[in-house]
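So the structure is just underneath, and the comments pick up after that.
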Amino acid sequence: TTTTAPTTTTAPTTTTAPTTTTVVETYIGPYSSYEGFEGENQYLLESEVTKLPQVLFNNLDGKVQYINGCHQNAKNNIGRCPYGVWDSSGTNPDGSTGSAWALSIWISNRAFESGDYFDVLLHEASHALSYITRNCNTPSRTSYRAEAVNYFGNEEEFADALVLYFGGSYNHYRDSGSLTINEFNYIKNYLDSCTN
């Protein structure tokens with residue numbers, strides 16, 4: 001007689017890495033109807049607004065809408081969705097004004113994807129502050145806003161200087177590096193005069 005050892009067949013095993021799913025809470029609110037609204041980062045944006053420097057937060061609170069979206073008129077003008085936009089007049093995609101998003105800051109998904117969204121928020125909030133304080137005058141009775149535009153080169157470079165003043169680092173327009181002591185003191189005097 002011949003004896004054979006019993007054989008055992010085992011099913012092949014596979015291991016799979018656990019999967020994670022990120023659930024994005026869907027925003028439901030007035031901005032949903034705005035042309036260009038993206039919304040995936042609306043709640044994150046609203047959380048970041050509370051982290052703005054106190055002087056920015058206090059002066060803009062209740063006056064400015066913060067929208068996660070791609071501002072359509074700006075996109076039409078530059079050919080791509082910008083990281084951020086300050087829109088004082090509520091500009092529609094066709095360039096007409098008076099929409100429901102007057103006095104709004106738009107931060108696009110592109111800014112969140114880049115990781116620079118807080119500095120972009122600082123930049124756009126600085127534009128908003130410049131606009132809201134536009135009637136504030138220097139001791140020599142000239143407009144602080146007009147003088148700041150001349151001092152820093154233009155409105156965009158003034159906003160970038162404010163980003164640096166508030167501790168941010170991402171600048172899109174300014175190419176002159178860190179703030180000088182004179183620039184720092186200029187901004188401090190502007191804030192002391194126009195935001196108290």
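Values in this document were obtained by computation on a predicted structure and should not be read as measured data. Keep in mind that the numbers below use all heavy atoms, side chains included, and drop hydrogens, waters and symmetry copies.
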Side-chain (Ser99) to main-chain (Gly90) donor-acceptor, under 3.5 angstrom: yes
Flag, side chain of Asp61 to backbone of Phe57, donor-acceptor distance under 3.5 Å: no
Exercise: identify the closest heavy-atom pair between Asn68 and Phe112: ND2-CE1, 4.0 Å
Short side-chain to backbone donor-acceptor contact, Ser193 and Tyr190, under 3.5 Å: no
Flag, side chain of Thr138 to backbone of Thr142, donor-acceptor distance under 3.5 Å: yes
Contact check, side chains of Ser143 and Arg134, non-hydrogen atoms, under 4.5 Å: no
Summary of disulfide (SG to SG under 2.5 Å) pairs that have at least one residue in residues 153-196, sequence neighbours excluded: Cys136-Cys194
Smallest separation among heavy atoms of Pro82 and His71, with atom names: CD-O, 4.4 Å
Side chain to side chain, Glu155 and His127, heavy atoms closer than 4.5 Å: yes
Heavy-atom side-chain contact between Glu124 and Ile107 under 4.5 Å: yes
Asn76 side-chain N/O to Pro93 backbone N/O, donor-acceptor pair under 3.5 Å: yes
Side-chain (Gln65) to main-chain (Ala102) donor-acceptor, under 3.5 angstrom: yes
Side chain Glu183, main chain Thr180, donor-acceptor under 3.5 Å: yes
Asn189 side chain to Asn185 side chain, donor-acceptor N/O pair below 3.5 angstrom: no
Within 6.0 Å of CD1 in Ile78, more than 12 heavy atoms from elsewhere: yes
For Val85, the rest of its hydrophobic cluster, which grows through side-chain links under 4.5 angstrom: Tyr27, Tyr31, Tyr34, Phe37, Tyr43, Ile67, Trp101, Trp106
Side-chain donor/acceptor of Asp116 to backbone N/O of Asp119, under 3.5 Å: no
Qualifying residues under ring pair (Phe, Tyr, Trp, His ring centres under 6.0 Å), relative to Tyr83, sequence neighbours excluded: none
Asn154 vs Glu157 side-chain heavy atoms within contact, under 4.5 Å: yes
4.5 Å side-chain heavy-atom contact, Ser114 and Val120: no
Expected output: side-chain Asn92 to main-chain Asp94 donor-acceptor under 3.5 Å: no
Donor-acceptor pair, side chain of Asn41 and main chain of Leu45, under 3.5 angstrom: no
Side-chain heavy atoms of Tyr186 within contact of Leu191, under 4.5 Å: no
Salt bridge Glu48-Lys51, side-chain N to carboxylate O under 4.0 Å: yes
Shortest non-hydrogen contact between Glu156 and His123, atoms and distance: OE1-NE2, 2.9 Å
